[in-house]
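Side-chain atoms are counted along with the backbone in the values below, which use heavy atoms only and exclude waters and symmetry mates. Model, not experiment: these values are computed from the prediction.
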Protein chains: 2
Amino acid sequence: MLSAACKDSIRAMIYIAKLQKEGYREKFVSIHKIAKDLGLSFYFLSKNFQKLVKAGLLESHRGPQGGVRLLKRPSEIRLIDIVEVIDGMEFFNNCILGFEECSDQNPCTIHNLWAEKREEIYSMFSSTTLEDAIKNIDKFSNVKV
Amino acid sequence: MLSAACKDSIRAMIYIAKLQKEGYREKFVSIHKIAKDLGLSFYFLSKNFQKLVKAGLLESHRGPQGGVRLLKRPSEIRLIDIVEVIDGMEFFNNCILGFEECSDQNPCTIHNLWAEKREEIYSMFSSTTLEDAIKNIDKFSNVKV
DNA sequence: AGGATTTAAGAGTATTTTATCCTAAATATA
DNA sequence: TATATTTAGGATAAAATACTCTTAAATCCT
């Protein structure tokens, strides 16, 4: 459901939020360090981060001591914001069977079932913030970031 | 979430179920007709159908008056059966952030939220049969098959 | 000013998914 | 038996996605 680019980006954003105790506008974290610590590809991650920077979720800074940092508090960045920037909202807008014109008025055979689930998934991603995610890191002993 | 191959296959299976009034072991329906009626690629559909035949969801027959037909009643074929054959169960088994080792005991930061949704989606696909899907065709006026 | 560090941007490559084509095999029917 | 019909299976092509590389630009530090 989420692209590889989106999975990486969410993990990385949670990681940045975790590193920045105050939450945002802390020191910049280098993309190299993030990729290394999370076991992700530096090339792929930095490419994907460019979108998050353009979208105003991240601020970047070049040169020594440069890197990226959050532009908002972790409590103000929702997972859906990241999904929207990296993957777009097609998943939440499109019919599960691929019909262009599927809608409540003009449903496909499983529209009613799926529309409900899709709405719940949307709710989940839009009600979960980076802060919620990092809370689980403290709450559970072995949480993977 | 579902691949194009899987969307096509589900639509086609619903269409076959709808055509076969008794439900299964009726006359064979040619793949050409299915593809034409649903606006799908004949080549792509027949390729994907090969998997459904091997998996025992469809029976095929070559030659004139040949085609495919259901091997079970529409009430006995669940959407999840089709998904499993075409796309596999990775979606339902894998961590949404891509962690190999993510589990209830060893969760990622959003494991608890996602595991619940994923389970509900699984429920939806495993409790919906072809018969349920075709019921909606009669129930709603403009349903898309 | 010069060199080291770090992201930006675009080009390039690889892999996967989607889609098509061709030939063979099966089989109904004339 | 010959022919037309229809799926099977392998090969290929195109498109989308994933991933890498190279060079440029910014900026810190000495």
Side-chain angles (χ1 to χ4, degrees), chain A residues 1-13 16 27-71 83 85-88 90-91 94 97-98, chain B residues 1-13 16 19 26-71 83 85-88 90-91 94 97-98:
Chain A
M1 174 206 161
L2 300 180
S3 68
C6 195
K7 291 176 188 182
D8 285 6
S9 298
I10 290 175
R11 287 185 58 197
M13 288 291 277
I16 297 167
K27 283 196 303 184
F28 290 99
V29 190
S30 88
I31 300 176
H32 213 91
K33 173 181 167 54
I34 300 169
K36 184 168 150 281
D37 289 355
L38 298 182
L40 303 174
S41 150
F42 162 75
Y43 292 128
F44 196 45
L45 187 62
S46 52
K47 185 105 304 224
N48 296 136
F49 268 0
Q50 292 178 13
K51 291 187 188 170
L52 296 173
V53 170
K54 277 190 184 156
L57 295 183
L58 282 179
E59 182 178 14
S60 69
H61 192 74
R62 302 188 202 194
Q65 317 309 318
V68 293
R69 66 183 178 190
L70 303 182
L71 255 175
V83 173
V85 170
I86 304 292
D87 281 353
E90 287 73 19
F91 177 81
N94 291 358
L97 295 184
Chain B
M1 173 207 161
L2 300 179
S3 68
C6 196
K7 291 176 189 181
D8 286 5
S9 299
I10 290 175
R11 287 186 57 198
M13 288 291 277
I16 297 168
L19 274 189
E26 298 276 327
K27 282 197 302 184
F28 292 99
V29 190
S30 88
I31 300 176
H32 212 92
K33 172 180 167 55
I34 300 169
K36 184 168 149 282
D37 289 355
L38 298 183
L40 303 175
S41 150
F42 163 74
Y43 294 126
F44 195 46
L45 187 61
S46 53
K47 188 111 295 234
N48 295 137
F49 268 2
Q50 292 178 14
K51 290 186 191 172
L52 296 173
V53 170
K54 276 191 183 157
L57 296 183
L58 282 180
E59 182 179 13
S60 68
H61 191 75
R62 301 188 203 193
Q65 316 310 318
V68 293
R69 66 183 179 191
L70 303 183
L71 256 174
V83 173
V85 170
I86 305 294
D87 281 353
E90 288 72 19
F91 176 82
N94 291 359
L97 294 184

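One interatomic measurement links the two molecules: CD of A:Glu59 to P of D:dT27, which rounds to 11 Å at whole-angstrom precision. Taking atom NZ of B:Lys51 as the reference point, atom P of D:dT7 lies 18 Å away to the nearest angstrom.
Applying the ring-ring contact (aromatic ring centres under 6.0 Å, His included) criterion to B:Phe42, with sequence neighbours excluded, gives B:His32. The side chain to side chain contact (heavy atoms under 4.5 Å, CB included) search around A:Asn94 returns A:Glu90, not counting sequence neighbours. Here A:Lys36 pairs with nothing under the side chain to side chain donor-acceptor pair (under 3.5 Å) rule; sequence neighbours left out. Partners of A:Ser41 under the side chain to side chain contact (heavy atoms under 4.5 Å, CB included) rule, at least two apart in sequence or in another chain, are A:Tyr43, A:Phe44. In this structure B:Phe28 satisfies the ring-ring contact (aromatic ring centres under 6.0 Å, His included) test together with B:His61, sequence neighbours excluded. The side chain to side chain donor-acceptor pair (under 3.5 Å) search around A:Asp87 returns A:Ser3, not counting sequence neighbours.
Within residues 3-13 of chain B, no residue places a heavy atom under 4.0 Å from DNA chain D. Of the residues in residues 39-49 of chain A, A:Ser41, A:Tyr43, A:Phe44, A:Lys47 come within less than 4.0 Å of DNA chain D through at least one heavy atom, sorted by number.
In this structure, the separation between CG on B:Leu19 and CG on B:Leu70 is 10.0 Å, given to the nearest 0.5 Å. A distance of 12.5 Å separates CD1 of A:Ile16 from CZ of A:Arg11, quoted to the nearest 0.5 Å. B:Leu40 contributes atom CG, which lies 6.0 Å from atom CG of B:Leu45 (distance to the nearest 0.5 angstrom).
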> In B/S/- notation, 5' to 3', how is nucleotides 23-30 of chain C contacted by protein heavy atoms closer than 4.0 Å?
Replying inline: --BBBBS-
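Screening residues 43-62 of chain B for salt bridge (charged side-chain N to carboxylate O under 4.0 Å, His left out), with sequence neighbours left out, gives B:Glu59-B:Arg69.
Heavy-atom nearest nucleotides on DNA chain D were determined for A:Leu2 and for B:Val68, and the one closer to the 5' end corresponds to B:Val68.
A sub-4.0 Å separation between OP1 or OP2 of C:dT5 and a side-chain N or O of A:Ser30 is absent.
In this structure, of D:dG9, C:dT7, D:dT7, it is C:dT7 that holds the atom nearest to the side chain of A:Ser60.
Residue A:Leu52 is tested with A:Val68, A:Leu57, A:Leu71 for a side chain to side chain contact (heavy atoms under 4.5 Å, CB included); the sole match is A:Leu57.
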> What dot-bracket string describes DNA chain D from 5' to 3', counting Watson-Crick and G-U wobble pairs whose defining distances are under 3.5 Å, with [ ] for crossing pairs and | for pairs to another strand?
Replying inline: ||||||||||||||||||||||||||||||
